[in-house]
Amino acid sequence: DTARKKAMIEGRDKDVIRFCEMGKVDEKADPQVMLGCTLAACRVNEVDKAKAWAKGVAKSKPLLEQAVKTCMANKVTL
């Protein structure tokens, strides 16, 4: 958890994705965590992972809107 947060702050998207996978982040996780995983996946064009994690973000409309906007900027449709 700490390593994932540090990677997010430092903008190391590939590491964020790795930590999300290692932590087995799924739809039951905190929507904020899911958002971080989703955004990292969008920025490195990991479409399938972004879509899977975005399902957990859908619980929070503002977070989902942020995810969609960021992912669209990276040409990833959720």
Side-chain angles (χ1 to χ4, degrees):
D1 198 45
T2 305
R4 187 192 73 254
K5 289 177 185 173
K6 188 172 193 271
M8 284 179 183
I9 291 167
E10 295 174 0
R12 294 180 293 140
D13 293 325
K14 288 191 184 291
D15 288 338
V16 172
I17 292 168
R18 188 167 47 91
F19 293 131
C20 290
E21 290 173 334
M22 285 171 44
K24 303 208 180 342
V25 173
D26 62 16
E27 293 178 34
K28 296 177 208 93
D30 178 344
Q32 287 282 7
V33 172
M34 300 293 289
L35 176 65
C37 296
T38 302
L39 297 181
C42 286
R43 287 192 290 261
V44 297
N45 212 19
E46 293 269 1
V47 179
D48 292 339
K49 291 176 185 172
K51 286 181 179 184
W53 287 321
K55 290 176 186 169
V57 178
K59 297 177 226 165
S60 169
K61 192 170 193 275
L63 294 180
L64 181 60
E65 288 172 358
Q66 182 181 349
V68 168
K69 189 182 342 180
T70 301
C71 290
M72 288 300 284
N74 288 283
K75 297 178 176 57
V76 175
T77 305
L78 297 179

Within this structure, what is the CD-CG distance for the pair E10 and D15, rounded to the nearest 0.5 Å?
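If I round to the nearest 0.5 Å, the distance is 8.5 Å.
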Stepwise, does the side chain to side chain contact (heavy atoms under 4.5 Å, CB included) test hold for K6 with T2?
CA-CA 6 Å; K6 188 172 193 271; T2 305; 5.6 Å; no
Determine the minimum heavy-atom distance between [X] and [Y], stating which atoms define it.
X	Y	value
R4	D1	NH1-OD1, 2.7 Å
M34	A29	SD-CB, 3.8 Å
C20	W53	CB-CZ2, 3.5 Å
T38	A67	CG2-CB, 4.3 Å

Assigning hydrophobic clusters by single linkage (Ile, Leu, Val, Met, Phe, Trp, Tyr; side-chain heavy-atom cutoff under 4.5 Å), is V44 placed with V16?
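They do not share one cluster, since no chain of ILVMFWY contacts under 4.5 Å joins V44 to V16.
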Decide whether V25 and L64 are clustered together by the hydrophobic rule: side chain heavy atoms of Ile, Leu, Val, Met, Phe, Trp, Tyr closer than 4.5 Å, transitively.
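Same hydrophobic cluster.
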Are any of the side-chain heavy atoms of [X] and [Y] separated by less than 4.5 Å?
X	Y	result
Q66	L39	yes
E21	K49	yes
K14	I17	no

Hey, is K61 close enough to E65 for a salt bridge, meaning N to O under 4.0 Å?
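Salt bridge between K61 and E65, a charged N being under 4.0 Å from a carboxylate O: yes.
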With a cut-off of 3.5 Å and sequence neighbours excluded, list every side-chain donor-acceptor pair involving residues 71-78.
from : atom 1 : to  : atom 2 : distance (Å)
N74  : ND2    : T70 : O      : 2.9

Considering residues at least two apart in sequence or located in another chain, which fulfil the salt bridge (charged side-chain N to carboxylate O under 4.0 Å, His left out) criterion with D48?
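D48 satisfies salt bridge (charged side-chain N to carboxylate O under 4.0 Å, His left out) with no other residue.
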